[in-house]
Colleague: 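Starting off with a structure, shown below.
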Amino acid sequence: MNRGYAPALVILGLLVFGSPTINPDAMEMVDVGRCLLGFNTQGVACESLDLWAYPPLFSILSGLLSTVWGSWAAAAMMGPLGAGLLVLPMGLMAQRLTGKHGFAFALAMLVFLPVLRFYGTTADPRLACIAMVAWAWWLLWMGDSNRPRDLILVGVLVGLSVLTRPEGIVHAALVLGVAVLLKRARALWTFLGAGALIFPYLALLSARLGGWVVSPRAWELRGVGLLEVLPVRWLIQLWGVGATRPPFRDWLEQSTSSGGVEPGTVVSSLLSVIRILATSIPLELHCLAIAGLGVVWVQRSCRKTLGVLGLLCVPAVVVSFSPMGLDLGMPLKNLLAVVVVEAVLAAAFLGWLCVRLGPSLDRWFGGTMSREKGRGIQELVVGMGLVLILGLVWLPRGYLENRFWPGMSAETERAAMWLAQNTADSDRVGSSFGSGPVARRAGRVRVTIPSPWELDRWSDERTRPQWVVVTALDGL
């Protein structure tokens, strides 16, 4: 297949087989992006938002797109665009492992695998971050190029990953370290490319927070000791997840506390990672990935590609060792790179299987096909059959089923339509961070629900909402 069409095919497949989902962060990122660009926001004052709560690239891009498509559609398209960026490095690695058919199966993985389909249709920058890092690894280690232009591009890609997701800084440190080992003095070009993006961002971030930091959410770690005291949902509400500025976050940012949760041992953290991967990913993917790893290992080829895939997993596992790394609500979100690596290995195995089963198909038909003309037809038929099986097995399955926050689901649409039809335009709607998209979808002014011990903030009728949207998981 022509690889140039792959991103468009992935985006089209996700729009056909998936359901766009808006997470609460995404709507605030659009507002933050519009504020950073100097555009008007819809019912949200820029003064009420922390414009540095998120790495800026997703916010700025979605803010620009919102001028054409509107905030809701702009946020919804960010997931498919990230998946479109990821299919090329995924496909190239699968193709390098076992042959040309691996690329097509990598495309199928992004569309059919429930976890990747979920994040590919969710307004979330994680797939885009992984795509940039995967491209950087491909150019650095697989490209074998010493040209300054290519090495600078590697640095620019990891720099963009830092501007996309907080864990991008871990990926960048690993890529730059390996660049020094592989390229020696020429790694300076990679450092220049990365530094041109990373250092201005970290300097602005540190100046805003009043001290040298490498993450816009460093204040979260100062309150992790409360994880042993308060229920998780109440704690999230108290912290104020997102770009809003509740009083407790202001206190945390000024606090010198480093948290009070003892870090887990390496063994216990690894066991948690294994448990999450085992229970959240279809068993078939694990089997296909192990088979793909076995095929590559037996053939004793492409060990370099296996090294790249392994390094892509390292930051995801390292982040999971931190107190905030293993999310109770979205268990795979910080381990998504591991899922991508398993999908690459599974695609490589299916590509290898397609080539091996092709001749068998000719024997089943009595050997009527010519050797040269029939080989491509045989492999095409087998490949289409395997893709059909993947679709039949995985398409009916979902991931999380909107258990932890509503998205662009039927429930969200019904609630938003009811609010739009039965409330005045000037009415204020109280909502938690999780149910915030309902109020935004209805076009009403959103007021954050305070924690139980802060309800006196609603004693003033001028700030009290006329309506409240709650879910079963809100800490009320």
Side-chain angles (χ1 to χ4, degrees), residues 6-7 10-11 13-14 18 78-98 102-122 124-139 141-142 157-158 160-161 164-165 167-168 170-171 174-175 273-274 276-278 280-282 284-293 296 302 305-320 330-351 390 394 399:
V10 166
I11 294 173
L14 290 172
M78 296 305 291
L81 290 175
L85 289 174
L86 181 58
V87 66
L88 290 175
M90 272 186 68
L92 289 172
M93 290 180 188
Q95 181 175 306
R96 177 69 67 92
L97 287 173
T98 56
F103 194 101
F105 284 108
L107 189 156
M109 289 287 167
L110 276 169
V111 175
F112 294 144
L113 184 63
V115 178
L116 295 183
R117 187 172 73 247
F118 174 84
Y119 280 99
T121 53
T122 299
D124 191 284
R126 286 179 175 81
L127 287 184
C129 178
I130 295 171
M132 294 171 191
V133 176
W135 269 120
W137 281 120
W138 179 266
L139 292 173
W141 206 345
M142 307 300 299
L157 286 168
V158 296
L160 289 173
S161 74
T164 304
R165 283 288 307 167
E167 64 268 22
V170 185
H171 286 286
L174 190 58
V175 170
V273 169
I274 293 171
I276 290 173
L277 293 175
S280 303
I281 298 177
E284 310 90 78
L285 180 66
H286 294 310
C287 296
L288 292 173
I290 293 172
L293 181 62
V296 175
C302 303
T305 306
L306 289 180
V308 169
L309 293 174
L311 290 171
L312 192 59
C313 292
V314 169
V317 177
V318 170
V319 168
S320 297
M330 306 279 288
L332 278 177
K333 72 177 186 180
N334 292 324
L335 294 170
L336 199 57
V338 181
V339 181
V340 169
V341 168
E342 284 204 43
V344 170
L345 292 171
F349 174 73
L350 291 173
L390 289 179
W394 283 342
Y399 174 67

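Positions are given from 1 along the sequence. From a predicted model like this one, the values you see are computed outputs, not experimental measurements.
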Colleague: Given side chains that start at C-beta, do those of L97 and V344 come closer than 4.5 Å, heavy atoms only?
Modeller: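 Side chain of L97 against side chain of V344, heavy atoms only: contact under 4.5 Å found.
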Colleague: Nearest heavy-atom pair of I281 and V339: which atoms, and what distance?
Modeller: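 Shortest heavy-atom separation between I281 and V339 comes out as CD1-CG2, 3.6 Å.
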Colleague: Would you compute the distance between atom CD1 of I130 and atom CH2 of W135 and round it to the nearest 0.5 angstrom?
Modeller: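 So the CD1 of I130 and the CH2 of W135 are separated by 15.5 Å.
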Colleague: Please give me the minimum heavy-atom distance between R165 and P125, naming the atom from each residue.
Modeller: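 Scanning both residues, the minimum pair turns out to be CD-CG, 3.6 Å.
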Colleague: Tell me, do L285 and V115 make a side-chain contact under 4.5 Å, heavy atoms counted?
Modeller: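 When only atoms from C-beta onward are counted, V115 and L285 do not touch, as no gap falls below 4.5 Å.
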Colleague: Rounded at 0.5 Å granularity, tell me how far CG in L312 sits from CG in L174.
Modeller: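 Reported value, rounded in 0.5 Å steps: 9.5 Å.
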Colleague: Start with the C-alpha distance between L81 and I11, add both sets of side-chain angles, then the distance that settles side-chain contact (heavy atoms from CB on, under 4.5 Å), and finish with yes or no.
Modeller: CA-CA 7 Å; L81 290 175; I11 294 173; 4.0 Å; yes
Colleague: Are the side chains of P315 and H171 in touch, meaning some heavy atoms are under 4.5 Å apart?
Modeller: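 Of all side-chain heavy-atom pairs linking H171 with P315, at least one is under 4.5 Å.
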Colleague: Where the side chain of T121 meets the backbone of F118, is there a donor-acceptor pair that is under 3.5 Å apart?
Modeller: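 Checked: pair present.
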Colleague: Could you pull out all residues at least two apart from L139 that satisfy side chain to side chain contact (heavy atoms under 4.5 Å, CB included)?
Modeller: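 Per chain and number, L139 pairs via side chain to side chain contact (heavy atoms under 4.5 Å, CB included) with L153, V154, L157.
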Colleague: Let me confirm one number: the CG-NZ distance from L335 to K333, rounded to the nearest 0.5 Å.
Modeller: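 That separation rounds to 11.0 Å.
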Colleague: Measuring from atom SG of C129 to atom CG of L85, what distance do you get when rounded to the nearest 0.5 angstrom?
Modeller: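 Those atoms lie 11.5 Å apart.
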Colleague: What are the two closest heavy atoms between P89 and A131, and how far apart are they?
Modeller: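 It is CG-O, 4.2 Å.
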Colleague: Do F103 and L88 have side chains that approach each other closer than 4.5 Å (heavy atoms only, starting at C-beta)?
Modeller: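 Yes, at least one pair of side-chain atoms sits under 4.5 Å.
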Colleague: What is the minimum heavy-atom distance between A347 and A106, and which atoms define it?
Modeller: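 Here A347 and A106 meet closest at CB-N, 3.5 Å.
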Colleague: Side chains of L332 and V338: does their closest heavy-atom pair fall under 4.5 Å?
Modeller: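 No; the side chains remain at least 4.5 Å from each other.
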Colleague: Roughly how far, to the nearest 0.5 Å, is the OH atom of Y119 from the CG atom of L127?
Modeller: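 It comes to 9.0 Å.
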Colleague: What is the minimum heavy-atom distance between E284 and W394, and which atoms define it?
Modeller: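 Residues E284 and W394, closest heavy atoms: OE1-NE1, 2.9 Å.
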Colleague: Could you list the residues that satisfy side chain to side chain contact (heavy atoms under 4.5 Å, CB included) with V111, not counting sequence neighbours?
Modeller: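 Expected list: F17, L107.
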Colleague: Step by step, work out the side-chain contact (heavy atoms from CB on, under 4.5 Å) result for V340 and L116.
Modeller: CA-CA 8 Å; V340 169; L116 295 183; 4.0 Å; yes
Colleague: Side chains of V175 and W137, heavy atoms from C-beta outward: is any pair under 4.5 Å?
Modeller: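 Counting from C-beta outward, V175 and W137 do come under 4.5 Å.
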Colleague: Counting C-beta onward and ignoring hydrogens, is there a side-chain heavy-atom pair between V170 and V314 closer than 4.5 Å?
Modeller: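 V170 does not reach V314 side chain to side chain.
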Colleague: Quick one: are W141 and L311 in side-chain contact, heavy atoms under 4.5 Å?
Modeller: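 Touching, per the 4.5 Å side-chain cut-off.
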Colleague: For M142 and T305: C-alpha separation, side-chain torsions, deciding distance, then whether side-chain contact (heavy atoms from CB on, under 4.5 Å) applies.
Modeller: CA-CA 7 Å; M142 307 300 299; T305 306; 3.0 Å; yes
Colleague: Given side-chain contact (heavy atoms from CB on, under 4.5 Å), test L350 with L390 step by step and report yes or no.
Modeller: CA-CA 11 Å; L350 291 173; L390 289 179; 3.7 Å; yes
Colleague: Would you give the length of the straight line joining atom CE of M90 to atom CG of L110, rounded to the nearest 0.5 angstrom?
Modeller: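 The CE atom of M90 sits 4.5 Å away from the CG atom of L110.
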Colleague: Shortest non-hydrogen contact from A316 to A337?
Modeller: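 Result for this residue pair: CB-CB, 4.1 Å.
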